[in-house]
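Working notes for the structure below.
Chain naming here is simple, since letters A, B, ... match the order of the sequence lines and numbering starts at 1 in each.
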Amino acid sequence: MTAPVAAPPAPTRTRVSAWAGNPWAGFLFRRLGRLLVSLAVLVTLAFGMIHLIPGDPVRAALGVTAPPDLVDARREALGLNDPLGTQFVNYVRALFSGDLGVSMTSGVPVSDTIGQRLPATASLAIVAFVVVMLAAIPLGLAMAVLTRGGRRRGAELGFTSTSAVVAAIPEFLLAVGLVFVFGVSLGWLPVAGRGGGSSYVLPVLALSLGPALLMARIVRVEALAVMDEDFVRTARAKRLPPLRVYVRHVFPNALTSTLTIGGLLLSGMIVGTVLVENVFAWPGMGMTIVSSILAKDYPVVQGIVLVYGAAVLLVNLVVDVLLAVADPRSTIREG
Amino acid sequence: MGREQWRAALRNPVGAVAAGLLVLLAILAIVAPILWGDAAEETDPAALSQGSTSEHPLGTDALGRDILLRVLVATRYSLGLALLATAICVTAGVVLGVLPAVLGRRAGRLVTAAVNLAVAFPGLLLALFFAVIFGVGARGAVLAIALAGAPSFARLVQTNVAAVAGRDYVAAARVAGVGRFRLIARHLLPNIGEPLVVNATVMAGTALLSFAGLSFLGLGVQPPAYDWGRLLGEGLDRIYINPAAALAPGVAVVVAGLAFTLLGESIAQVVGVRAVRRRRAPETEPAMTAAAAEPDGDAVLAADDLRVAFPARDGGWTHPVDGVSLTVRRGETVGIVGESGSGKSLTALAVAQLAPDAAHVTAGRLEVAGVAPLGRTGAEVRDLLGTRVAMVFQDPMTSFNPSMRVGRQLAEVTRVHERQGKRAALARAVDRLRTVRVPAPERRAHQYPHEFSGGMRQRAMIAMGLMSTPELIIADEPTTALDVTVQRQVLRLLKDVQAETGAAVVLISHDIAVVAQLCERVVVMYAGRVVEELPVGRLGAAAHPYTRALLASVPDLATDRDRPLATIAGRPPDPADRPEGCAFAPRCDFADDACRVRPGLSAVAPDQRAACWHPRSRPLDLTLDAVTGGQA
Ligand code: SF4
């Protein structure tokens, strides 16, 4: 049956691969352009924040009792007496040299504060994200397999309603509940500060539980949709073991939406650390931004808002690139 | 959103509970401050930071104020601020959402772009940003939460407006010279009200939770005023002394937030309520056709009284395949024809043990490639049929996994069933691609399905079937999606493959001409049953009116080209309500009272059987030799 049959001169299409005409370069170019525009808007807003505040921010920060010449000196030091255009140029120029200004209350450079606080926040967000992915994808796939074709309606209902309810509880309330159960009642785990591995357990759990369940729901729905596709029937017709069908054929095709949602969740979790850090006295940027807002220490707030915003934009970029890589068909051509 | 739908939303248990909770909270919000407002402010120096006592069930705070009363009284402030934020948010969202429709194109684009950019940032980040601008305090927090939620609400409005704006009545209003604002107020907003109400409800829940968050951080409500978030923040500091001080406001926030969210979602779901019913397995009627498949030692496929049942909406079962008997001998090519809905594809899937999960397959006897698959476990079936039965599906575009290279998809068969290494399996895949005349098979094997043309994909599909040495190849409409030339190539390829491998081929098609080109024997199905079975050579002597109608509808078979092409009037019956007797009776010219009883298959000539009370005997005038596959 492998008799060599002379290949007829079939009309071969000459599009060799996705590299022809290099759609990748175009895609990356467009996508980076969008990132730059977003970053520019972000920087403008962070700069503008201090000017949008009604009244004199320096006076507000120093208090009504501060002597006028002190206020004026501080204004001068912050460059607030220059024309707006000059201020903006100076701000952007300083930004490029890594200078985010100086704290109004402590006099410490903002970049130092961020450098000190960022690792705690980043490690919390990353660990939580990894936990979400590791838990949600298998859970979602397993639920899809168990409830496919309208089976096990009870399990389906239980899963969807439990996950809906838990995912609707905000992370800081979950955090309080966790503190009560595992810290106060059981005394198993530390509830404040950042130390060894055990100090991560509760903050990570608080941060990842809701997103994980949300993600599992999405994975389940997507996987169920993929299971109805013709190519899954083909895979079954090849008599592949079910695990292989699910892992090789179903999941990769549910990846697109998993990635999209994953990106959204990660951005949400990065910012969600603000609340969780404040529950667990976690020495990250979230604690700092809140105390700085309360102390009206605007340069610090500006700097941290920039970092959060940039992180979110970066996550979006990475997700878009991953989507383009994961989907061999169309995304990259549309940008 | 009609009144009916609101009622339906409330009848749904989740919706009812959520609505009940909200009513309770509303009453509390009105009554609690009046009843206990002063008592909640009362400091008790004798009972500072206490745990639960009979006097203070949830303990007291640092100033000796009763926690329970404070939580109850805080209901008004917490709900009120959340609703205020929601109202501002919805207003801002609607304005931002319809602006693009009102402004000129350029300005509209700008608004859309700004909204899109803002949506990319998490709400909390926006809220923090606005909280800085508007200042710490209740007013600042309301504005911050409202504005942080506005972009996503605006996005929602935009999508809905865009969907409605394209409709006829809006276009008509525009043509009639209705002004922009009037257009929005009269035609656009009322028609997107439903999703807006649902989302505003959900938004209220979100606002409540976010507000609690801001107050908890100390950025929201400032002392001496207090809301749940503030109480939570104060309570958390002393959670070791009196956990209730933190838990009670937390629970209040969760309950209220969930009540809004769940009410919104149950309103949204009202339309798609699913009934859950238990079913018993369908009863199988005794076989009508007793004289079915004669035992044949040489059969690769022997099915007797095959039935496939699906759960029906009324709780019973429908039988799209209803007692099919079918025999295919070794090396034989058999065609199954019928209109869509005749059950031909499902018959093939059921035979190959690939029927959908919900299907219930029964048979008096079923043997495929020497294996009786019914009652075996999935793993056994996979093991036994894996290399013996190959499937070729319709529409190769959707039948290949789009995210896997073609070569790997082929090689997978060999790797799983023959436990070959990656390289050997891929080499075989390339070889089989060459067999089915895919040009440059080495390169093609590394491509994705979307890089193949339709005909080439179908040939690759056949190659996939040839990865092992099948005894039976089931091809389900393998040529339907292809143009005429490619169709002919694929059929010729199937013929070659059949000749070279000696496998039996079952070809399923709605096109009797396609079947006539390739097959030795034709099985005609109608409404889940076989109505006629005959050798291709005897098509001219087809006895069943349905077979004759099918033949008459094929342009290249009917010689009398002057007459308009016959089409079969009417449609095949729905499997859920088939006529009692002969299912074809409503469309049959020869139906009479006898046809009220279902006819069984009986011999009308050697090798030819038909299920009809009035088999036709006048020969048809067909030009079978002229069949070359040129039918569209
Ligand atoms: S049994 Fe009667 S109704 Fe049915 S095909 Fe024959 S003649 Fe027509």
Check your understanding: Non-hydrogen atoms of chain A under 4.5 Å away: do they reach the side chain of I474(B), the backbone, both or neither?
Key -> neither
Review point. Looking at V413(B), V381(B), L247(B), which one has more heavy-atom pairs under 4.5 Å with chain A than the rest?
Key: L247(B)
Point to revise | Residue R428(B) versus chain A: region with a heavy atom under 4.5 Å | key: neither
Exercise for review: Against chain B, work out which of V305(A), V41(A), N278(A), V176(A) has the most heavy-atom pairs shorter than 4.5 Å and name it.
Suggested key: V176(A)
Check your understanding: Taking all non-hydrogen atoms of both residues, which atom of M464(B) and which atom of T234(A) are closest, and how far apart?
Key -> CE-CG2, 3.3 Å
Practice item. Flag the one option from R248(A), E171(A), R236(A), Q302(A) with the top tally of heavy-atom pairs under 4.5 Å to chain B. Key: R236(A)
Point to revise | Qualifying residues under side chain to side chain donor-acceptor pair (under 3.5 Å), relative to R244(A), sequence neighbours excluded | key: E412(B)
Review point. What is the distance from atom CD1 of I270(A) to atom CZ of F121(B), rounded to the nearest 0.5 Å?
Key: 11.5 Å
Check your understanding: Any side-chain heavy atom of F216(B) within less than 4.5 Å of one from L275(A)?
Key -> yes
Study note, to complete from the structure: Per-residue tally against chain A (heavy atom, under 4.5 Å) across V251(B), T206(B), L232(B) peaks at L232(B)
Point to revise | Heavy-atom contacts under 4.5 Å, residues 291-301 of chain A to chain B | key: I293(A), L294(A), Y298(A), V301(A)
Study note, to complete from the structure: If one checks every heavy atom of L45(A) against chain B at 4.5 Å, the contacting part turns out to be both
Revision key, fill the gap. With chain B, the option among V179(A), V37(A), L157(A), V279(A) that has the most non-hydrogen atom pairs under 4.5 Å is V279(A)
Check your understanding: When only pairs under 4.5 Å are counted, which of G213(B), A390(B), G205(B), A246(B) shares the most heavy-atom pairs with chain A?
Key -> G213(B)
Practice item. Counting only heavy atoms closer than 4.5 Å, note whether V232(A) contacts chain B via side chain, backbone, both or neither. Key: neither
Exercise for review: Please flag which part of L240(A) lies under 4.5 Å from any non-hydrogen atom of chain B: side chain, backbone, both or neither.
Suggested key: both
Review point. At what distance, to the nearest 0.5 angstrom, does CE of M391(B) lie from CZ of R233(A)?
Key: 7.0 Å
Check your understanding: Taking all non-hydrogen atoms of both residues, which atom of V312(A) and which atom of P122(B) are closest, and how far apart?
Key -> CG2-CD, 3.7 Å
Point to revise | Interface moiety of Q353(B) toward chain A, non-hydrogen atoms closer than 4.5 Å | key: both
Practice item. Measure P356(B) against the heavy atoms of chain A and call it side chain, backbone, both or neither at under 4.5 Å. Key: backbone
Review point. Should P242(A) and R382(B) count as side-chain neighbours, where that means a heavy-atom distance under 4.5 Å?
Key: yes
Point to revise | Interface moiety of L214(B) toward chain A, non-hydrogen atoms closer than 4.5 Å | key: neither
Exercise for review: Please examine the side chains of R239(A) and L354(B), heavy atoms only from C-beta on, and report whether any two atoms are closer than 4.5 Å.
Suggested key: yes
Practice item. Using non-hydrogen atoms and a 4.5 Å limit, figure out which bit of L236(B) sits close to chain A: side chain, backbone, both or neither. Key: side chain
Practice item. Hey, could you give me the CD1/CG distance between I169(A) and L209(B), rounded to the nearest 0.5 Å? Key: 9.0 Å
Exercise for review: Find the distance between NZ (K238(A)) and CG (L410(B)) and round it off to the nearest 0.5 Å.
Suggested key: 7.0 Å
**Study point:** chain A contact via H446(B) - side chain, backbone, both or neither, heavy atoms under 4.5 Å
**Key:** neither
Review point. Between atom CG of L52(A) and atom CZ of F130(B), what is the distance when rounded to the nearest 0.5 Å?
Key: 9.0 Å
Study note, to complete from the structure: Max heavy-atom pairs within cutoff under 4.5 Å with chain A, candidates T261(B), T387(B), L385(B), goes to L385(B)
Review point. Pick from L117(B), V132(B), V136(B): which one has the most heavy-atom pairs with chain A under 4.5 Å?
Key: V132(B)
Check your understanding: Counting heavy-atom pairs under 4.5 Å to chain B, which of M227(A), H249(A), E229(A) comes out on top?
Key -> H249(A)
Exercise for review: Against chain A, work out which of G123(B), G135(B), P441(B), A212(B) has the most heavy-atom pairs shorter than 4.5 Å and name it.
Suggested key: A212(B)
Review point. From F400(B) CZ over to D230(A) CG, what is the distance, rounded to the nearest 0.5 angstrom?
Key: 12.0 Å
Practice item. Identify which part of A499(B) has an atom lying under 4.5 Å from any heavy atom of chain A, answering side chain, backbone, both or neither. Key: neither
Exercise for review: Give, as side chain, backbone, both or neither, the part of F172(A) having an atom under 4.5 angstrom from any heavy atom of chain B.
Suggested key: side chain
**Study point:** Under 4.5 Å from any heavy atom of chain A - which part of A355(B)
**Key:** backbone
**Study point:** Region of V254(B) that comes under 4.5 Å of a non-hydrogen atom in chain A
**Key:** both
Practice item. Would you mind reporting whether V274(A) and L217(B) have side-chain heavy atoms less than 4.5 Å apart? Key: yes
Study note, to complete from the structure: Residues at least two apart in sequence or cross-chain that pass side chain to side chain contact (heavy atoms under 4.5 Å, CB included) with A113(B), listed by chain then number, are none
Check your understanding: Which residues pass the side chain to side chain contact (heavy atoms under 4.5 Å, CB included) test with L493(B), sequence neighbours left out?
Key -> V436(B), R437(B), R459(B), I462(B), V497(B)
